[in-house]
Amino acid sequence: MSEVSWTTDEMMTVVAARALPDRALCFVGIGLPSTAANLAKATHAPDLVLVYESGTLGAKPPHLPLSIGDGILAETADTVVSVPEVFNYWLQPGRIDVGFLGAAQIDRFGNINTTVIGDYREPKVRLPGAGGAPEIAASCREVVVVVRQSTRTLVPEVDFVTSVGFGRGAGDRERLGLTGAGPRRVITDLGVLEPDPADCELTLTRLHPGVSVEQARDATGWPLRVAADVGVAEPPTAAELGVLRRLEATVGGRGGPRA
Amino acid sequence: MSEVSWTTDEMMTVVAARALPDRALCFVGIGLPSTAANLAKATHAPDLVLVYESGTLGAKPPHLPLSIGDGILAETADTVVSVPEVFNYWLQPGRIDVGFLGAAQIDRFGNINTTVIGDYREPKVRLPGAGGAPEIAASCREVVVVVRQSTRTLVPEVDFVTSVGFGRGAGDRERLGLTGAGPRRVITDLGVLEPDPADCELTLTRLHPGVSVEQARDATGWPLRVAADVGVAEPPTAAELGVLRRLEATVGGRGGPRA
Amino acid sequence: MARITTLPDAVAELVRDGDVLAMEGFTHLIPFAAAHEVIRQRRHDLTAARMTPDLIYDQLIGAGCVRKLVFSWGGNPGVGSLHRFRDAVENGWPVPLELEEHSHAGMANRYVAGASGVPFAVLRGYSGTSLAGHSPGVATVTCPFTGEQLSAVPALCPDVTVVHAQRADRAGNVQLWGITGVQKEAVLAARRSLVTVEELVDELPPQPGAVVLPTWVVDAVAVVPGGAHPSYTQGFSKRDNGYYQAWDAISRDRAAFARWLDEQVYTGEVRA
Amino acid sequence: MARITTLPDAVAELVRDGDVLAMEGFTHLIPFAAAHEVIRQRRHDLTAARMTPDLIYDQLIGAGCVRKLVFSWGGNPGVGSLHRFRDAVENGWPVPLELEEHSHAGMANRYVAGASGVPFAVLRGYSGTSLAGHSPGVATVTCPFTGEQLSAVPALCPDVTVVHAQRADRAGNVQLWGITGVQKEAVLAARRSLVTVEELVDELPPQPGAVVLPTWVVDAVAVVPGGAHPSYTQGFSKRDNGYYQAWDAISRDRAAFARWLDEQVYTGEVRA
């Protein structure tokens, strides 16, 4: 395999794609999660089942959709259901294996903020809000978070808990009645964090090629724990990059790059 | 118009059909209610909307269906919805104008029993049970009951309240949170009973041609009140009977009589 | 992922003694053939749930498979009583039959709650009726916003749900249309599920009004043409109204019913 | 029974100052043309409900029509922020904007409760989040059967719901397909409803995946070809992704937005 160069976004996407086992049911949000899921489906996981919150179950888009409601999703889905149904019958009972979430802030216990930076009533930045994230975080068997790592995004405590990770630590999910296992993996542009088995604090378990532990520590808003056996992820293969770039070139079915 | 002879069942059906105004939404059960609704639609109420509990909204069967789930209902409906949906979205919010109910027993306050004769645990006769009736009785804007009149069917108090009429009298429906107006008309083979405006007790307001007040009293299990201005219903017209008999001859689409 | 298998194998694996079993289909698509296989395999102590028990459960009850019936309307549509059901309730024959009784709206919402992964559903219903008093499965809840009182029914989560459908593809995705009743909810609420189909096809062409059950919520698919007889399968068969009428005489008489069982079910010679 | 009328007449009659207004459409079938008519008729003090406010409500908010927003996700999908929404929340421009915020599941279930005629819905959600604390519309209910605690959200019953659909027949029956979102529930939950359609036809041929809104739950139908632009109408038009991207620059700047309003809406010259 020849050496190829790649961007940190590509690395994140490839690592996210690899997190998806074949035949898994994946609840897909737009942007990087959709790209990663479609990359997985086009490489090692051809029978991955994509569920979009627009109600398209088993969508098989030949190109990357630009929104979660692109017509190509409805046209290629096994079935299209209403939005109430996708949440009540398909997500809520825990049928979905993996849910993807992004974050404006994520804290040491994997709680996610996509609502507001600063005070809710006097916001510094008003963000889009919850969308489907709280229930994805609550009900998917497992959640994968994808976020660029910095002291602004990885914070000791989020300003607003839009979606619950591990609350204030071990046992909180059970106490809150959340049926899924929570954010088992946080994939950043520097590496991968996983909850500590004992207290659920996010811990660095893997670095992307060329990234140091110090870089990861410097980009984290709390004293970052590092696993004893921290490893280094395989760089993207030429095959992965080829498929990824071809996918990205076709976003929205237009042959052009995404805005 | 020539004199024609007719059966008491035909008289009941014709009176029931006349109770349906054009453009009304009618929740139709099988048997006489379905016959009456289809008769109305074929005569004075061409834009009557038939809703069957099988989820067929706006069915326009060219012949009488034999069951509430005949294929012809689905094939001719404006839309077919699931059974949960027909109850939750269409019946429960009070969208339906008229609901038809039958009864094994009905009491002086219009409460209906279709569950059991005798004690529930030691039944004399086990009847089919509730079906859609309790919610039809609760939520349709108005209910029409069709029942053959006898002291076994018109009883002072039903053995089991499957569907609520007026409970124990005026004000009970409101107290129970039932949104519809309840059984405004009980059509029997002898005449028509309506709730007294003051206390909701079923009162004889109309007789079929040739029936006496005494006959109606004798066929009622409580001392039957008679309205001061009790009238006599118009007999079936030749046109009504013609359509009715043609409909009945085509039940189930087979050209034969119903079993 | 659904496995494509035979009806005997599917019933042997998925329907177990003592199960809460739901066989749904609202007039249309009633899985009679699967019920006959359940009888042939001599399943017993079943809690049989179904909105409209109909002939299919009259047969299961008469054959002694059922300990308890969960239902909302038990009649022979357009004909009259279910005599095996009545004989069990009124006389305890062949085995006593416990009843858990609801309205249609209550049963439908119990499946909805089961399909939704919540322990109960809320509806307007039961208020003022005797049903509430005779069913442990009806309670009252208060709206936390308006203070209004409504009824609650518990989720119904069958151990196994069986339905009949028009077709499945080779991956086990199931497609049904026409009157689709409560089948989607009954399958989604169940721990295990079995679907009999008229035919297996390479692709499922889009069909107006169709419900699709993705293969990942179905355990087994068995090809059983005519598996809904004497009910019907829209696009494949007509309702056998004569069978429903003839059932009245067969089911009125224990001996006639026993003969029917021997000749039509235990021999495996049943038309369906 | 729906009347077939014009968009200006329908909006004049059905959308009133101070209304709770819902304009739904999940990425697909967003009723932009109707929103522009609401702006042209200078409606104000609206409580605007919508799962994904999107450009359509960014425009209503920027035009000063909206006093309160009820929503679950307010972004420009695939592009970024809604700048008019942010300007209203962060700076109170052009008028302060009150927020009532839910998750998608919460909003969807609020419409379901409204469509079902019950005052609340039950779901697994909100537990442990800050949303509950910031929204008066989230409460806890206890399952009367299991004792489990779940979340409750109040029914959302708009004064008027507006949706776009592919077609209607001359009797006013409406048919839509593709991604149908929460439109059925939003219409059924509303006191009044208006549907814009691509075309009026003599008959509605059955269509896979179609939702039909019978004429008796619709107040008015207006024929507005392209009425969902810049969103799309499956079978009729493609999503205008360039418009969504161009909106970012227009909406960032109050003056540019005011020019857009003048040129594209108040003149009536808007492409949709």
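All values below were derived from every heavy atom in this structure, side-chain atoms included, with hydrogens, water molecules and symmetry-related copies excluded. Lettering of chains follows the sequences in order, A, B, ..., and the numbering in each one begins at 1. These numbers come from a predicted model, not from an experiment.
- The most heavy-atom pairs under 4.5 Å with chain C, out of D/Gly209, D/Pro206, D/Cys143, D/Gly137, come from D/Cys143.
- Options D/Leu150, D/Thr146, D/Thr140, D/Thr142 differ in how many heavy-atom pairs under 4.5 Å they form with chain C, and the most are formed by D/Leu150.
- Counting heavy atoms from C-beta outward, D/Val118 and C/Leu123 have side chains that stay 4.5 Å or more apart.
- Comparing C/Pro136, C/Ala155, C/Ala152 by heavy-atom pairs within less than 4.5 Å of chain D, the highest count is held by C/Ala152.
- Heavy atoms of other residues, nucleotides or ligands lying less than 6.0 angstrom from NZ of C/Lys238 number 12 at most.
- Contacts between C/Gln207 and chain D at a heavy-atom distance below 4.5 Å involve the backbone alone (N, CA, C, O).
- Residue contact with chain D, scored on non-hydrogen atoms closer than 4.5 Å, involves the backbone of C/Val153 exclusively.
- Here the shortest heavy-atom pairing between D/Phe145 and C/Pro154 reads CE1-N, 3.3 Å.
- At least one side-chain heavy atom of D/Val141 sits under 4.5 Å from a side-chain heavy atom of C/Phe120.
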